[in-house]
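Have a look at the structure below before the remarks.
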Amino acid sequence: METRYDHEKTEPRIYAQWEQSGYFNPDTLPGDRPEPFTIVMPPPNSNGSLHVGHALFVTLQDIMIRFARMRGKKALWIPGADHAGFETQIVYERELEKQGRSRFAMKPEELYKEILAFTLSNKTYMENQIRSLGASCDWSREKFTLDPDVVRKTQQTFRRLYDDGLLYRGKRIVNWCVKHQTSLSDVETEFKDRKDPFYYFTYGPFTIGTARPETKFGDKYVVVHPADERYAQFKDGQKIELEWINGPITATVVKDEAIDMSFGTGAMTITPWHDPVDFEIAERHKLDKEPIIDLHGKLLPIAGEFAGMKIDEARAKIVEKLRAKGLLVKTDEDYEHAVRVCYKCERVIEPQVLDQWFVKMKPLADLALKAVAEKKIAFIPDRFEKVFTYWMEHTLDWNISRQIVWGIPIPAKICERCGDGVPDLEDAVTACPKCGGPVRKDTDTFDTWFSSGQWPLMVLGYPDGRDFKTFYPTDVMETAYDLVFKWIPRMVFFGLYLAGDVPFRTVYFHGLVNDAHGKKMSKSKGNVMNPLDMTAKYGTDALRISLVVGNPAGSEMSLSEDRIRGYRNFSTKIWNIARFIEMNRPAGSTATKESFKKDETMLAKNPHMQRMAELRKDVTAHIEAFEFHLAAEKLYHYVWHELADKVIEAEKGRLRDGSPAEREESYELLEALLLGSLKMLHPFMPFVTEEIWQIFRPGTMLIVEPWE
RNA sequence: GGGCGUUUAGCUCAGUGGUUAGAGCGCUCCGUUCACAUCGGAGAGGUCGCAGGUCCGAUCCCUGCAACGCCCACCA
């Protein structure tokens with residue numbers, strides 16, 4: 001053996017050997033394997049390069065798959081790649097901006113073609129990066145979220161939802177991003193704390209409060225709580241003439257319990273077109289709604305002299321006009337509140353009422369809740385079950401329309417007369433089925449979660465594929481904990497709705513990987529660690545084990561280069577243990593593969609072998625319980641501080657000065673302990689263990705060795 | 001405004017109802033003769049956040065408090 005373990009030369013060679021062996025594919029695994037074990041890889045976004053989060057998920061999933069494979073399961077790990085709709089389009093728009101171009105000046109087909117080329121080249125790059133991390137996934141089954149069959153099936157689901165009455169086209173209030181010119185779901189927005197002035201205006205006999213005077217032009221309803229005695233003299237529906245921004249108007253009093261009597265004056269005017277609360281009030285009382293702001297954030301003609309102004313510039317001028325008219329009562333500076341912003345550009349969301357497709361969530365959420373209540377899915381750690389349940393109990397109808405080109409087209413026709421829509425997968429609808437009016441093609445695309453929510457079904461060839469019958473439901477879904485509400489619920493209810501069963505039996509959540517001081521890695525802080533730099537320097541095995549030890553499910557971890565270096569020393573240690581044993585192989589040793597079983601019987605009574613059996617039991621139990629950190633730590637401790645420090649040291653005497661028979665026995669013991677250790681370490685540190693294994697057992701491969 | 005998590009050695013973190021509470025890194029001293037200086041040996045360093053409670057016994061279970069962090073949220 002070489003004096004040093006050269007990970008840079010070894011890793012690509014070993015990976016190629018694995019890939020050629022066909023062992024990543026359950027169909028070509030040796031032996032009879034009746035029991036399947038399946039993991040669907042969360043498809044990485046094909047719009048960037050690998051970060052440590054990817055390295056973590058590859059490591060955890062690969063541990064589970066390798067463990068299952070060694071235990072004789074029909075192990076399948078399906079890789080994928082995500083076109084990542086809005087995410088990717090934004091990445092590409094930034095590229096365009098750098099080149100001084102804009103998507104709004106491009107033909108949609110042109111833009112789509114460019115993003116596709118960009119995504120496909122990134123996809124190949126990422127696949128190779130995942131290979132370099134040692135992922136033993138079945139590349140022959142890889143899926144891309146824009147594969148034709150995925151597109152077709154996603155569109156069929158759309159129609160099925162429609163036929164089942166779970167889908168409707170509605171004029172409803174949506175989150176609109178002025179920069180990106182698309183609507184966004186609630187999970188694509190964030191709240192940001194801000195301080196703004198809060199104005200009180202005279203509105204006829206009322207004083208109303210607002211932080212957004214620029215939306216107040218169309219306000220002709222003043223809402224108070226039905227139990228508010230201050231306003232008891234006003235009746236629901238009562239008309240009041242009053243002077244407002246651009247002249248006299250007729251206002252109507254509305255009584256609604258959504259009003260918080262203790263806030264402001266307890267009276268507010270509403271702008272249903274641009275505020276979700278106001279929209280709901282207007283819906284309840286069947287009030288008029290009209291737009292004040294256009295999709296570019298500019299005031300419409302209803303604003304009179306302010307028409308065409310951006311809302312930011314208009315605000316101060318409107319306040320000034322109201323002050324001049326004597327309608328400004330007072331201003332509270334520093335009013336603290338949270339505003340909804342676009343999660344990508346952090347610009348304030350301007351709610352708009354738009355015609356979009358919505359999925360009725362209640363029936364689907366109930367399916368998910370029932371399955372979880374029946375314990376059909378285990379959450380690890382289990383506290384995430386509560387989070388999941390909370391989300392499913394508080395769903396709003398899901399807006400699946402996106403005004404971007406990069407995605408799966410919504411196969412529908414929209415009536416130009418009545419605005420209604422109808423699914424049309426065959427492009428056969430020529431007139432509105434409702435009113436007979438002319439129709440146009442829907443140019444929107446699906447929210448990316450609409451298709452990725454069906455991912456486990458898609459990759460297994462739902463509904464009639466062979467894999468679907470064998471491998472669905474899958475065993476484990478391993479993902480980052482922030483997907484507990486973005487992605488996991490959608491997979492669960494689509495699985496139940498379409499296939500009648502949960503998509504996976506266990507969800508394992510990993511946490512964030514932070515920098516050495518527990519701070520979140522971010523480009524702006526400059527503390528981002530590139531996992532491939534680390535594997536180049538210290539080896540993939542070192543990075544993998546350093547991501548596992550001390551990192552229990554659901555918790556965040558801190559990762560430093562020092563730590564990885566420390567675990568690199570561990571692979572060196574393993575290498576040197578092997579080298580020492582190999583150097584002490586007696587000439588003509590009987591410890592060949594053929595005699596090994598016989599020797600094992602002889603060795604079984606040896607206390608060191610018994611100790612190893614105990615360890616194996618422990619490690620097995622920990623892996624089965626998803627306690628990879630404990631399994632890894634115990635192995636580390638055993639190999640270094642027992643096998644190397646104690647057993648080998650104790651055997652040195654016999655090896656040096658013993659009789660041939662003693663030397664033989666000593667060697668066989670050490671070799672058995674080494675090989676036993678390699679097996680258990682293999683899921684965690686696949687490269688160095690495979691390399692050493694093949695030195696001792698030429699012609700065989702550790703990846704398919706039986707676990708026990 | 002809700003909910004959750006964390007608080008253990010200088011740093012980053014594991015862990016356990018029961019003798020001396022662990023790991024990596026860092027630190028101190030010693031050691032290069034034949035597995036390994038990418039190392040070995042020896043060692044320093046902890047009132048396990050605070051206050052109560054349950055228990056024969058609590059770092060671990062319960063209650064309260066504090067600090068930090070995260071998630072959610074239609075008070076205009």
Side-chain angles (χ1 to χ4, degrees), chain A residues 1 3-5 7 173 175 186-187 189-191 198-200 208-213 215-216 219 222-223 225 258-271 274-281 335-340 349 351 381 383-384 386-387 390-391 394 396 481-482 484-485 511-512 514-520 537-539 542 545-546 548-552 554-584 627 629-630 632-634 636-637 640-641 644-645 648-649 652 655-656 670 674:
Chain A
M1 286 173 74
T3 44
R4 291 192 175 189
Y5 169 62
H7 65 264
I173 194 146
N175 300 307
D186 291 330
V187 295
T189 62
E190 287 172 357
F191 283 93
F198 191 80
Y199 307 97
Y200 290 90
I208 56 135
T210 184
R212 300 207 58 187
T215 65
K216 296 286 138 192
D219 289 9
V222 57
V223 190
H225 196 282
I259 296 295
D260 179 352
M261 288 187 273
S262 63
F263 186 86
T265 59
M268 72 170 187
T269 61
I270 57 169
T271 316
H274 300 292
D275 185 283
V277 182
D278 298 2
F279 181 85
E280 291 303 325
I281 294 172
Y335 163 61
E336 287 179 25
H337 63 149
V339 294
R340 204 183 266 276
I349 290 293
R383 70 180 127 90
F384 283 102
K386 269 194 278 180
V387 182
Y390 179 87
W391 269 82
H394 296 83
L396 298 172
Y481 65 59
D482 60 329
V484 63
F485 48 86
L512 264 53
N514 294 320
D515 75 4
H517 295 283
K519 298 276 177 247
K520 195 171 173 172
K537 249 171 134 168
Y538 304 114
I545 191 106
S546 68
V548 173
V549 176
N551 184 20
S555 68
E556 303 193 358
M557 77 170 307
S558 302
L559 183 64
S560 64
E561 186 166 340
D562 274 346
R563 188 182 155 84
I564 300 167
R565 186 155 44 79
Y567 287 106
R568 185 274 318 268
N569 295 352
F570 182 50
S571 28
T572 306
K573 191 76 189 178
I574 298 169
W575 183 258
N576 278 302
I577 290 168
R579 201 158 73 90
F580 174 78
I581 295 172
E582 197 243 13
M583 285 168 72
N584 284 287
E627 296 162 341
H629 63 301
L630 297 181
E633 196 174 327
K634 285 191 174 167
Y636 177 94
H637 196 269
W640 200 313
H641 299 300
D645 289 357
I648 288 181
E649 291 303 321
K652 276 183 176 171
L655 285 171
R656 198 165 39 214
L670 293 182
L674 169 67

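Since the model is a prediction, treat every value here as computed from it, not as a measurement. Order of the sequence lines sets the chain letters (A, B, ...), proteins ahead of strands, with each chain counted from 1.
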Do [X] and [Y] have side chains that get closer than 4.5 Å, going by heavy atoms?
{"X": "A:Trp575", "Y": "A:Met1", "value": "yes"}
{"X": "A:Leu674", "Y": "A:Ile577", "value": "yes"}
{"X": "A:Asp186", "Y": "A:Leu396", "value": "yes"}
{"X": "A:Phe570", "Y": "A:Val549", "value": "no"}
{"X": "A:Phe263", "Y": "A:Met268", "value": "no"}
{"X": "A:Arg212", "Y": "A:Val339", "value": "no"}
{"X": "A:Arg579", "Y": "A:Thr3", "value": "yes"}

Just call it for [X]: base, sugar-phosphate, or nothing, with non-hydrogen atoms closer than 4.0 Å on any strand.
{"X": "A:Gly550", "answer": "sugar-phosphate"}
{"X": "A:Ser262", "answer": "nothing"}
{"X": "A:Trp575", "answer": "nothing"}
{"X": "A:Gly539", "answer": "nothing"}
{"X": "A:Ala644", "answer": "base"}
{"X": "A:Ala516", "answer": "sugar-phosphate"}
{"X": "A:Tyr538", "answer": "nothing"}

**Most 5' of A:His629 and A:Lys652 on RNA chain B, judged by nearest nucleotide** =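 Looking at the nearest nucleotide for each, A:His629 comes out on the 5' side.
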**Fill in**
Note: for A:Ile577 and A:Arg383 on RNA chain B, the residue whose nearest nucleotide lies more 5' is A:Arg383
In whole Å, measure the gap between the [atom1] atoms of [N] and [M] for me.
{"N": "B:G53", "M": "B:C60", "atom1": "P", "result": "14 Å"}
{"N": "B:C25", "M": "B:A66", "atom1": "P", "result": "39 Å"}
{"N": "B:A23", "M": "B:G45", "atom1": "P", "result": "15 Å"}
{"N": "B:G52", "M": "B:C11", "atom1": "P", "result": "27 Å"}
{"N": "B:G15", "M": "B:U38", "atom1": "P", "result": "32 Å"}
{"N": "B:C27", "M": "B:G10", "atom1": "C1'", "result": "8 Å"}
{"N": "B:U59", "M": "B:A51", "atom1": "C1'", "result": "16 Å"}
{"N": "B:U6", "M": "B:C48", "atom1": "C1'", "result": "14 Å"}

**Request:** Test A:Asp219 against every option in A:Thr210, A:Ile270, A:Thr271 by the side-chain contact (heavy atoms from CB on, under 4.5 Å) rule and name the one that passes.
**Result:**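 The single option meeting the side-chain contact (heavy atoms from CB on, under 4.5 Å) with A:Asp219 is A:Thr271.
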Whether [X] contacts [N] is assessed here as follows: a side-chain N or O lying under 4.0 Å from the phosphate OP1 or OP2. Is that the case?
{"X": "A:Thr3", "N": "B:U38", "answer": "no"}
{"X": "A:Ser558", "N": "B:C13", "answer": "yes"}
{"X": "A:Arg212", "N": "B:A76", "answer": "no"}

Closest to the [X] side chain: [options]?
{"X": "A:Pro552", "options": "B:C75, B:A76, B:A14", "answer": "B:A14"}
{"X": "A:His517", "options": "B:C11, B:A35, B:A73", "answer": "B:C11"}
{"X": "A:Phe580", "options": "B:A35, B:A76, B:G15", "answer": "B:A35"}
{"X": "A:Tyr567", "options": "B:G24, B:C25, B:A76", "answer": "B:G24"}
{"X": "A:Trp391", "options": "B:C72, B:A35, B:C74", "answer": "B:C72"}
{"X": "A:Ile648", "options": "B:A35, B:A76, B:A73", "answer": "B:A35"}
{"X": "A:Lys386", "options": "B:C71, B:A76, B:C4", "answer": "B:C4"}

**Request:** Apply side chain to side chain contact (heavy atoms under 4.5 Å, CB included) to the pair A:Tyr636 and A:Ile545, showing each step before the final yes or no.
**Result:** CA-CA 9 Å; A:Tyr636 177 94; A:Ile545 191 106; 5.7 Å; no
Nearest whole Å is fine: how far is [N] [atom2] from [X] [atom1]?
{"X": "A:His7", "N": "B:U38", "atom1": "NE2", "atom2": "P", "result": "15 Å"}
{"X": "A:Ile581", "N": "B:A35", "atom1": "CD1", "atom2": "C1'", "result": "9 Å"}
{"X": "A:Asn576", "N": "B:A35", "atom1": "CG", "atom2": "P", "result": "10 Å"}
{"X": "A:Tyr390", "N": "B:A73", "atom1": "OH", "atom2": "P", "result": "7 Å"}
{"X": "A:Arg4", "N": "B:A37", "atom1": "CZ", "atom2": "P", "result": "7 Å"}
{"X": "A:Met557", "N": "B:C25", "atom1": "CE", "atom2": "C1'", "result": "13 Å"}
{"X": "A:Tyr481", "N": "B:C71", "atom1": "OH", "atom2": "C1'", "result": "8 Å"}
{"X": "A:Leu512", "N": "B:G69", "atom1": "CG", "atom2": "P", "result": "15 Å"}

Nucleotide N/O of nucleotides 39-41 of chain B paired with protein N/O under 3.5 Å:
residue : atom : partner  : partner atom : Å
B:C39   : OP1  : A:Asn569 : OD1          : 3.0
B:C39   : OP1  : A:Asn569 : ND2          : 2.4
B:G40   : OP1  : A:Lys573 : NZ           : 3.3
B:G40   : OP1  : A:Trp640 : NE1          : 2.3

**Message:** Any carboxylate oxygen within less than 4.0 angstrom of a Lys/Arg side-chain nitrogen, looking at A:Lys652 and A:Glu649?
**Reply:** yes
**Request:** Spell out, as yes or no, whether a donor-acceptor pair under 3.5 Å connects the side chain of A:Thr572 to the backbone of A:Arg568.
**Result:** yes
**Request:** Among A:Lys520, A:Glu556, A:Lys519, find the one that has a side-chain hydrogen bond (donor to acceptor under 3.5 Å, both in side chains) with A:Asn514.
**Result:**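 Of the listed options, the one satisfying the test is A:Glu556.
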**Message:** At less than 3.5 Å, do the side-chain atoms of A:Lys634 and the base atoms of B:A14 form a donor-acceptor pair?
**Reply:**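 No.
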**Request:** Ignoring hydrogens and angles, answer whether the base of B:A35 and the side-chain atoms of A:Glu649 contain a donor-acceptor pair closer than 3.5 Å.
**Result:**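 By the distance-only test, yes, there is a pair.
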Look through every strand shown and name the nucleotide pairing with [N] as Watson-Crick or G-U wobble, where both distances are under 3.5 Å.
{"N": "B:A42", "answer": "B:U28"}
{"N": "B:A51", "answer": "B:U63"}
{"N": "B:G1", "answer": "B:C72"}

**Request:** I would like to know whether A:Tyr390 and A:Phe485 meet ring pair (Phe, Tyr, Trp, His ring centres under 6.0 Å); could you show each step before the answer?
**Result:** CA-CA 9 Å; A:Tyr390 179 87; A:Phe485 48 86; over 10 Å; no
Table of protein N/O atoms under 3.5 Å from nucleotides 16-22 of chain B N/O atoms:
none

